[in-house]
J.: 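This is the structure I want to talk about, given as structure tokens.
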8 protein chains.
Amino acid sequence: MKLDRHDKLLIIGDSVTDAGREYPIGYGNGLGSGYPALVDGLLRTGYPELNSVVLNVGIGGNTVRDLKSRWQKDVLDLKPDWLCVMIGINDVWRQFSTPEVIQSFITLEEYESTLRELLSAVQPNVKGLILMTPFYMSGQEDPMRSMMDRYGAVVKRIAGDYGAELVDTQAGFDRMGHHMIQSSLSNGWDHVHPNTTGHMVLARGVLNALDFEWNR
Amino acid sequence: MKLDRHDKLLIIGDSVTDAGREYPIGYGNGLGSGYPALVDGLLRTGYPELNSVVLNVGIGGNTVRDLKSRWQKDVLDLKPDWLCVMIGINDVWRQFSTPEVIQSFITLEEYESTLRELLSAVQPNVKGLILMTPFYMSGQEDPMRSMMDRYGAVVKRIAGDYGAELVDTQAGFDRMGHHMIQSSLSNGWDHVHPNTTGHMVLARGVLNALDFEWNR
Amino acid sequence: MKLDRHDKLLIIGDSVTDAGREYPIGYGNGLGSGYPALVDGLLRTGYPELNSVVLNVGIGGNTVRDLKSRWQKDVLDLKPDWLCVMIGINDVWRQFSTPEVIQSFITLEEYESTLRELLSAVQPNVKGLILMTPFYMSGQEDPMRSMMDRYGAVVKRIAGDYGAELVDTQAGFDRMGHHMIQSSLSNGWDHVHPNTTGHMVLARGVLNALDFEWNR
Amino acid sequence: MKLDRHDKLLIIGDSVTDAGREYPIGYGNGLGSGYPALVDGLLRTGYPELNSVVLNVGIGGNTVRDLKSRWQKDVLDLKPDWLCVMIGINDVWRQFSTPEVIQSFITLEEYESTLRELLSAVQPNVKGLILMTPFYMSGQEDPMRSMMDRYGAVVKRIAGDYGAELVDTQAGFDRMGHHMIQSSLSNGWDHVHPNTTGHMVLARGVLNALDFEWNR
Amino acid sequence: MKLDRHDKLLIIGDSVTDAGREYPIGYGNGLGSGYPALVDGLLRTGYPELNSVVLNVGIGGNTVRDLKSRWQKDVLDLKPDWLCVMIGINDVWRQFSTPEVIQSFITLEEYESTLRELLSAVQPNVKGLILMTPFYMSGQEDPMRSMMDRYGAVVKRIAGDYGAELVDTQAGFDRMGHHMIQSSLSNGWDHVHPNTTGHMVLARGVLNALDFEWNR
Amino acid sequence: MKLDRHDKLLIIGDSVTDAGREYPIGYGNGLGSGYPALVDGLLRTGYPELNSVVLNVGIGGNTVRDLKSRWQKDVLDLKPDWLCVMIGINDVWRQFSTPEVIQSFITLEEYESTLRELLSAVQPNVKGLILMTPFYMSGQEDPMRSMMDRYGAVVKRIAGDYGAELVDTQAGFDRMGHHMIQSSLSNGWDHVHPNTTGHMVLARGVLNALDFEWNR
Amino acid sequence: MKLDRHDKLLIIGDSVTDAGREYPIGYGNGLGSGYPALVDGLLRTGYPELNSVVLNVGIGGNTVRDLKSRWQKDVLDLKPDWLCVMIGINDVWRQFSTPEVIQSFITLEEYESTLRELLSAVQPNVKGLILMTPFYMSGQEDPMRSMMDRYGAVVKRIAGDYGAELVDTQAGFDRMGHHMIQSSLSNGWDHVHPNTTGHMVLARGVLNALDFEWNR
Amino acid sequence: MKLDRHDKLLIIGDSVTDAGREYPIGYGNGLGSGYPALVDGLLRTGYPELNSVVLNVGIGGNTVRDLKSRWQKDVLDLKPDWLCVMIGINDVWRQFSTPEVIQSFITLEEYESTLRELLSAVQPNVKGLILMTPFYMSGQEDPMRSMMDRYGAVVKRIAGDYGAELVDTQAGFDRMGHHMIQSSLSNGWDHVHPNTTGHMVLARGVLNALDFEWNR
């Protein structure tokens, strides 16, 4: 287990992370019903002696551009020991759903450079970083999935460059897909917002990145 | 792992089990937000190849007397492979909150004889039984806790007699209590309705009873 | 235009057809916001002199088994001149989302035999039949889509046997898919419930089956 | 078809245009349930290869005076390729419903001069203009209808002067009126807010102005 | 003033009469906000010494066919001293808004014969009858208005035959129409549901039929 | 009838006047359900040729001190031809319901001097003033009624000094009290907020002050 | 203190007693916010060793006629040790607010004979009876108050005949009236539904009837 | 009785004091449903001649730090004759429920020094102070209870130093606990928010501190 006693794990992302959390900062019973709450519940029952603190600052609809605008207040000011980031789903989705006249698209270039800029700002102050790829619960032939994979590839490259723990969420969902239809892991079959089982896929990824042990 | 491929695990109980499930039968995204959903999520992500089915028929406010009235329809008719039962919290609570003129109390004797009657009716038709003790998130000096322990002792005795898997939920909460205040595992500090971490205590108990392995 | 003056066109199906209609029978401003309302609006503006009547008796969640249970009351008793049927999406969906313990699955055999039974009962009394295939807005590699195609193939075969007009809805969505991501034609990207553009694909299919002239 | 690939068609007006759109800008599934959504649905299904973009900035209760106050933000700043305007119903209605002490009436002179001013500002920057007359679903003997016709006559004159495409909406409703009572094309029989069929009359007008081919 | 001390005036009709009354019988503060409440308020302030009782049993959507089905319970059983009836608006409206497949239309013949049947049943038991014509707030060239006039003519003929007081409501609205647009006397400009001023037109008619005096 | 064609009658007061009116200015269908709407309805049906305009700017809870704070905006700026004022109920009520620590009481002296100040400011610009006494629907032995009478006496004296039309509302309710219990003219028997009959008492007073004739 | 350990005190009445209680039987936290809850709170804090049980079966709008219809189920079947009854306010109120055509009035004779009948049925089975007079928070010159006093006089006479404890609630409110306006003890100044202070007047009456010692 | 005629008693605290009061200042019917309303009701019925005024400015969630931020506006500006303070429950609770990263904990030192600062500011201007200890309805072995006792000990010490009346609320609940389970005096068994009986324990404490005579 990589976490030390009383370590603060801050999780930031979009609506998948938000999952009904309380504002301005989700913690304890206010973590929402997504993977941050599952991570917290598994951490606290598996390692009660650590008294670790999980904080959730996900916001629905966020892109990497939105993270940049609130990085100081929602990340740096909270002085986390560990930071976990999952972003990119909306960066991709908007290109299929929103005419560019409304908001300029976030290109792969802007996505990568912004993410690097944010991580460079926070890395000197944390014990560890966890990067989660964005995902789309569908086969690779789906055009949204294939664009998502390109953004995920950027995350993998950055994780290597920054020595961050990588959670390949898409691989996690693909593995489940051998036994059931992937979109059945989402609410309302929308391929994006996980149900409890889908969130458990994400929580497992985060905890495995922390060398979590179940049988103690 | 004791479950076979496609096994149906039926969970019955009171509001702790119900936890916002769908009616008439909770399953999939309709399992609610309690330990049945966590069990399902951990089972499906840990053993996706089993395609196990978890069904939730908990109903808020139920006592063992209520279970008896719906045992045929909600247990026997559903033909479960495994049955998991947690009952007794309301049996105890009513003795502190409701004047007996409203409804006769459920004595320890009625509790035990009814539970035995129900299990005898279902045992020949299932692969296995899981019995969970009722609990109260408090120290043993609390009068409600101490009465709950007496009902829990009955459950333990019955589990032995029927060869059922026992989940000692109270022991699980007591263990957590070495590191944090027990009632912090409930919503609104009411000592009874678990938050996500409290439900994870219960889910761990159920899964350990099934010889669940995390690292596979 | 195959419709005569004052002809009644009755449309039956599931939630795609229902689309917020009024009960017990949707007509006029109570047709809902789906393709039945678009068909009605295009018919009435294109052929105002026909004073045709469109009736909507779709019900969310219906399978072919549900249609059978209400065929007398919702189809035969209303004495339509033309009947339009689209069913099968839930027949397929349930096999991915609902454990069979809840409700026995509707096999391809039951689907076909039931549909034939219903059409045989109504055919002698109507001027014409329109059969619409069920659909799933996704590429063919998606497992739900490929099962849907098998149910759609049954509809095509039956249409031939009964001399019904066929609306190949899946082909309509596939054609759109050359220019945009198919699921963008659904609300909330759920691949099943069409937005206005998706419903227009269906309405075009129905009207073309009736030899509707667009330029009048 | 006058639209080129990727052309943006901006529609501005009052509550008839708004029709429940999203704010601040309606597009895609947020176009509302009125003629802008029908135009979009017909455009996208008839000419999917154009990938045209329809934007809706109608606001309930607006008069030409209100359009002026938001012309920069809601028209010029959005840089449309085509602009479609329908205004005047509230300009007329207020003269029957609101004492002038509350707000000075918009005379025919103010209506005409303001409309000209707005069109002059935008014309140099667009490929084309579509002007829709205001309407009232009633016979010409109705005093509100006859005043509406005078405002409609201004729109026709201006369309000629500016070389805009004209949609004579009132003529469209009058044509329907030969076969049914006009107000049956409105919701709640209020003669102003169209139901789906009434909105289809408007959508047909807009699309015909664009040389939309129905049979492709 | 034709009413005697303690006389009960029962008013029956459709939504114009109902106007938000209480159920099962509207009286006192439960008369709703329509002409029955205005009649009551003017009667009680003009002739407080009479202590007259006004009862409202109007029901929204009612036709003469509906009145027949509840005549025993809502009229005869209440033993009124005076009975006031206004019915027919929905009988006409349905012929414009509802396809006959839903419900058979109420012809002029059924309207007249049913009304006569109802009045014959009650006349021997009351001191007096007041018949109000149905109305439509519009010029005579409107097709719904002209059909309404034919139903109104039936009411006038019946009033003569039964010696009932006649309230020519349409004439009342036409008189107002010399000075303002008639539909401005309705809520939401729907030409049917009166606003307070429109209800005052009706209340004046009823009170004048009773030889009400203002200056006493 | 003292009103001339197109005269504006502005009514200001407290919750009795407000009666659910629209904001910022109530008129037409937005006059609320109190005496201003009844005055408007009776004026428009009795004297339709006048096309008079009634405006309602009553605000719940207002005292004379509140009127002063909005006199410029809600009275002078609206340039009424006739002004009708009823104030004082809350000035009295607060002395029974609110400890003075919350808000200093409005003494009879402040009441009179403020009212005179307001009327002096508006009198030169109007054709006529109508002053209505505050009231309490109860016998004179009630302590709130007897204090209300002292405030009413001030209104009568001021009406004489300013040559205003006086409406003695308390006398109106007392007259009704000979035949029924006064508080039955209020909603919920609270003795203050009139029901329709109670508002008709007030409307009669205002109209009689204007020499309104019923039989024309 | 007349109550013995574990005695059940059953309170029945109208909306004053109901006061928001839970159904079907109010007890503990479900007693509502009226005098039954205050009696319970004062009993339990003053005499915690008694563990007395207070039950509330008041129902809004009840008259003595309604009590009769539910006496078996709501009084006799619950086997109270002590019974407390307050009824009559609606019996009086209806005579002022409801035309007799709706429901026949409850005369003083019916009131007295029914009350005697009910008490005779229960007296042999209880340790004691408490009778509370109905009340109206107003001076005696109010016509509703003076009729209420006549019904109260019946209660006093019956209390004497049956050896019941009498609570003269009207005397309690009159005493308060020497220092404040009586209706200020009601919510919304309606003279009937007490606020907390008004309910305390009633609770004091009940407790004094039981020889409650305040200083223990 | 220490209160003089017309004395103002101001009560400040957290959600236990707030109890649904009105804002900005609770008084009369706006005192909420907690002990301030019970104190007011008992004072007004026991000593009606005093016409005392009780004001409630409790705010849910408040700690002593929050009281400091509003002391000028909510205490000093209101110029109370008597001040009653109960604070500390949230100061303790937060240490169990909120990670310190969200808000720095309020140590016993900050608690004591802040409370002294506030009391020093107000003491010269009041006739008397009442200090209530914070409480937790549980046995002393509960960790939250034992921390609460340490904060309560500070209140006792301060009361001695300032010559304030002390209300030992915890002792009050402990006394009740000899006869019933303490948490049964809270709503929803949360051990913190009292039900009516629990609030009566607090009200008795406050009134006894004022030498309230119960039998008058």
Side-chain angles (χ1 to χ4, degrees), chain E residues 5-6 19-20 27-54 172-182 184-189 193-205 207-208 211-216, chain F residues 5-6 19-20 27-54 172-182 184-189 193-205 207-208 211-216:
Chain E
R5 198 163 137 72
H6 289 304
Y27 61 88
N29 292 357
L31 278 167
S33 61
Y35 72 92
L38 298 177
V39 165
D40 183 61
L42 283 160
L43 267 181
R44 291 179 69 196
T45 52
Y47 296 79
E49 73 281 8
L50 290 186
N51 271 312
S52 54
V53 175
V54 175
F173 287 114
D174 286 351
R175 214 171 303 122
M176 296 295 287
H178 300 150
H179 305 288
M180 59 201 77
I181 188 170
Q182 267 199 52
S184 75
L185 301 173
S186 65
N187 276 319
W189 298 74
H193 295 95
N195 56 18
T196 302
T197 302
H199 275 296
M200 197 64 86
V201 170
L202 301 175
R204 277 181 171 271
L207 289 169
N208 286 336
D211 291 349
F212 176 86
E213 304 232 350
W214 173 267
N215 296 308
R216 300 176 68 242
Chain F
R5 199 163 136 72
H6 290 304
Y27 61 87
N29 292 357
L31 277 167
S33 60
Y35 73 92
L38 297 177
V39 165
D40 183 61
L42 283 160
L43 267 181
R44 292 179 68 196
T45 53
Y47 296 79
E49 74 281 7
L50 290 185
N51 271 313
S52 54
V53 175
V54 175
F173 286 113
D174 286 350
R175 214 172 303 121
M176 296 294 287
H178 300 150
H179 305 287
M180 59 201 77
I181 186 169
Q182 267 198 53
S184 75
L185 301 174
S186 66
N187 277 320
W189 297 75
H193 295 96
N195 56 17
T196 302
T197 302
H199 275 297
M200 196 65 84
V201 170
L202 301 176
R204 276 180 173 273
L207 289 169
N208 285 336
D211 293 348
F212 175 85
E213 305 231 349
W214 172 267
N215 295 307
R216 301 175 67 242

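Computed from a predicted structure; not experimentally measured. Naming: A, B, ... by sequence-line order, numbering from 1 per chain.
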J.: Tell me, out of E/Leu42, E/Asp40, E/Val201, E/Thr196, who's got the most heavy-atom pairs with chain F below 4.5 Å.
T.: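 Highest number of pairs under 4.5 Å: E/Leu42.
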
J.: Would a 4.5 Å heavy-atom cut-off, applied to side chains only, mark E/Arg175 and F/Pro48 as touching?
T.: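 Side-chain contact under 4.5 Å: no.
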
J.: Chain F heavy atoms under 4.5 Å from E/Leu43: which part of the residue, side chain, backbone, both or neither?
T.: neither

J.: State, with a plain yes or no, whether a side-chain heavy atom of E/Asn29 is found less than 4.5 Å away from one of F/Asn187.
T.: yes

J.: If we define contacts as heavy-atom pairs under 4.5 Å, which of F/Ser33, F/Gly46, F/Ala203 has the most with chain E?
T.: F/Gly46

J.: Taking side chain to side chain donor-acceptor pair (under 3.5 Å) as the definition, give me every residue that meets it alongside E/Asp174, ordered by chain and number, with sequence neighbours left out.
T.: E/Arg145, E/Gln170, E/Gln182

J.: Taking only residues two or more places apart in sequence or in another chain, which ones pass side chain to side chain donor-acceptor pair (under 3.5 Å) with F/Ser186?
T.: none

J.: Where do F/Asn51 and E/Met180 come nearest, in terms of heavy atoms and distance?
T.: OD1-CE, 4.3 Å

J.: Would you compute the distance between atom CZ of F/Arg44 and atom OG1 of E/Thr197 and round it to the nearest 0.5 angstrom?
T.: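 Separation between the atoms: 4.5 Å.
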
J.: Pick one of side chain, backbone, both or neither for E/Leu38, based on which atoms fall under 4.5 Å of a heavy atom in chain F.
T.: both

J.: Evaluate the side-chain proximity of E/Trp214 to F/Arg204: yes if any heavy-atom separation is below 4.5 Å, no if none is.
T.: yes

